[in-house]
Undergrad: 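Would you mind keeping the following structure in view while I ask a few things?
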Amino acid sequence: MELVKVEKKETVALLTIDRPEGLNALNTAVLKELADALDVLARDRDLRALVVTGAGDRAFVAGADIGEMAELTREEAASFAHVGHETIKKLSSFPMPTIAAVNGFALGGGFELALACDLIIASAKARFAFPETGLGITPGFGGTQRLSRLVGPMVACDLIFTGRRLNAEQALALGIVAEITDVETLLDRAMEIASTIAGKAPVAIRNAKRAIYEGLCCTLSDGLAIETEYFSQCFDTEDQKNAMRAFVNKEKALPFKGR
Ligand code: COA
């Protein structure tokens, strides 16, 4: 059975976790299909942006599969976390921008999957939480690390210690969500944002993404050096020359070529 579906619309791909009867919970089979799909998409030279969502009207992803985790030994749990990390890392290090389109529950591993995307767009019905401590565990697919980097340790402690659920407005106020839409327009809006990004210069987008994330792990002055490197690389592209010459000559810019 296909648990992860990929559709391509021009230069944007839509990846759907498709296990709605289990609220798209991440079991080993889903993680394997997700990793394989991301490997294929990352090699697609025409792709300019990726939207990630969950099938059905109840959940983005309701977490890692609790049935599969219930009887794990410590060693097996470490290996399950390793598979989760490696899979979700394929998303966080995806070469082009990624947008999570979240409707319904994004819990535990589902919240972690969304946090690995560059942007989260939420429907008004989205609900975010880390229920793990109520199940006797910590988040294990990157939540303790990515949430605290995004919103700071105090908000991360609040959400992870209490397990309290955030609605879309609360998530927006904390900077976890970029935009809220109606349920009906969520996917169209996510695809629209992806298409806007797809219309920009691909090398500039790729380099901006690298500069933002690589700069987070170091001092400001090292980060500025990283920025200079990626900024100056753009001046080796035809796209930069064509776009700037068109502006200076008051001409219509040519479509970007990605080089
Ligand atoms: N792992 C495994 N199965 C899950 C799951 C998860 N994380 N989340 C939901 N499911 C399954 C349920 O077991 C149920 O399967 P069943 O129909 O075979 O019994 C199905 O999805 C529907 O969920 P159900 O609990 O019946 O729906 P609900 O509306 O009563 O509750 C939730 C929805 C999301 C509140 C509830 O499913 C829940 O709390 N899920 C676990 C969330 C969680 O703790 N995630 C972090 C895991 S570390």
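All values derive from a computational prediction rather than experimental measurement. Whatever order the structure lists ligands and atoms in, that order sets their numbers, starting from 1. All residue numbers refer to positions in the sequence shown, counting from 1.
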Undergrad: Please report the closest heavy-atom contact between A100 and F60, naming both atoms and the distance.
TA: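 It is CB-CZ, 4.1 Å.
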Undergrad: Shortest non-hydrogen contact from A13 to V6?
TA: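 Taking A13 first and V6 second, the nearest heavy atoms are CB-CG1, 4.5 Å.
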Undergrad: Identify the two heavy atoms, one from Q170 and one from L166, that lie closest to each other, and give their separation to 0.1 Å.
TA: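 Closest pair (atom of Q170, atom of L166, distance): OE1-CA, 3.3 Å.
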Undergrad: Among protein heavy atoms, which sits nearest to atom 8 (N) of ligand 1, and what does the distance come to when rounded to 0.1 Å?
TA: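 Checking every protein heavy atom, the shortest distance to atom 8 (N) of ligand 1 gives A62 CB, 3.6 Å.
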Undergrad: Protein heavy atom under 4.0 angstrom of atom 44 (O) of ligand 1, is there one?
TA: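 There is a protein heavy atom less than 4.0 Å from atom 44 (O) of ligand 1.
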Undergrad: In the complex you have, is atom 21 (O) of ligand 1 within reach of the protein, judged by whether a heavy-atom distance drops under 4.0 Å?
TA: yes
Undergrad: Identify, by atom number and element, the atoms of ligand 1 in contact range of E21, meaning under 4.0 Å from any of its heavy atoms.
TA: 20 (C), 21 (O)
Undergrad: Which of the numbered atoms in ligand 1 are under 4.0 angstrom from any heavy atom belonging to M69?
TA: 48 (S)
Undergrad: Considering the heavy atoms of E132, write down every atom of ligand 1 situated less than 4.0 Å from one of them.
TA: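 Ligand 1 atoms under the 4.0 Å threshold to E132: 48 (S).
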Undergrad: Are K209 and D118 ion-paired here, with the side-chain N under 4.0 Å from a carboxylate O?
TA: yes
Undergrad: With a cut-off of 4.0 Å, which atoms of ligand 1 are near a heavy atom of R58?
TA: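 Taking each heavy atom of R58 in turn, ligand 1 has 27 (O), 28 (P), 29 (O), 33 (C) under 4.0 Å.
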Undergrad: Check L47 against M96 and note the closest heavy-atom contact, atom names and distance.
TA: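 Closest heavy-atom pair between L47 and M96: O-CG, 3.6 Å.
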Undergrad: Under 3.5 Å between some N or O of ligand 1 and some N or O of G108?
TA: no
Undergrad: Looking at atom 36 (C) of ligand 1, would you say a protein heavy atom lies below 4.0 Å from it?
TA: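 Within 4.0 Å of atom 36 (C) of ligand 1, no protein heavy atoms are found.
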Undergrad: Assess whether ring pair (Phe, Tyr, Trp, His ring centres under 6.0 Å) is satisfied between F130 and F111, documenting all intermediate values.
TA: CA-CA 7 Å; F130 279 113; F111 197 173; 4.6 Å; yes
Undergrad: For atom 25 (O) of ligand 1, state whether the nearest protein heavy atom is under 4.0 Å away.
TA: no
Undergrad: Can R165 be said to touch ligand 1, with heavy atoms closer than 4.0 Å?
TA: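 Judged by the 4.0 Å heavy-atom criterion, R165 does count as contacting ligand 1.
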Undergrad: Please check atom 6 (C) of ligand 1 for a protein heavy-atom neighbour under 4.0 Å.
TA: yes
Undergrad: Taking distance alone, with no angle check, do I66 and ligand 1 share an N/O pair under 3.5 Å?
TA: yes
Undergrad: Test side chain to side chain donor-acceptor pair (under 3.5 Å) on E68 and N27 and set out the steps.
TA: CA-CA 7 Å; E68 204 175 299; N27 59 18; 4.5 Å; no
Undergrad: Quick one: does S123's side chain have a donor or acceptor within less than 3.5 Å of a partner on K125's backbone?
TA: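 Indeed, once roles are kept as given, a pair shorter than 3.5 Å links the two residues.
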Undergrad: Just list the side-chain donor-acceptor pairs under 3.5 Å for residues 191-203, sequence neighbours left out, or say none.
TA:
unit_1	atom_1	unit_2	atom_2	d
E192	OE1	R189	NH1	2.7
S195	OG	M191	O	2.9
T196	OG1	E192	O	3.0

Undergrad: Consider every N or O of D65 and every N or O of ligand 1, then say whether any pair is closer than 3.5 Å.
TA: no
Undergrad: Could you tell me whether atom 14 (C) of ligand 1 has a protein heavy atom closer than 4.0 Å?
TA: no
Undergrad: Between E10 and K8, which heavy-atom pair has the shortest distance, and what is it?
TA: O-CE, 3.2 Å
Undergrad: Considering both backbone and side-chain atoms of I137, is one of its nitrogen or oxygen atoms within less than 3.5 Å of a nitrogen or oxygen in ligand 1?
TA: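 By distance alone, the answer is no.
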Undergrad: Identify each donor-acceptor pair in which a side-chain atom of residues 140-147 lies under 3.5 Å from a protein atom, sequence neighbours left out, and give them as a table.
TA:
unit_1	atom_1	unit_2	atom_2	d
Q145	OE1	R149	NH1	3.2
R146	NH2	S92	OG	3.1

Undergrad: Return a yes/no value: protein heavy atom under 4.0 Å from atom 28 (P) of ligand 1?
TA: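 Within 4.0 Å: yes, protein heavy atom nearby.
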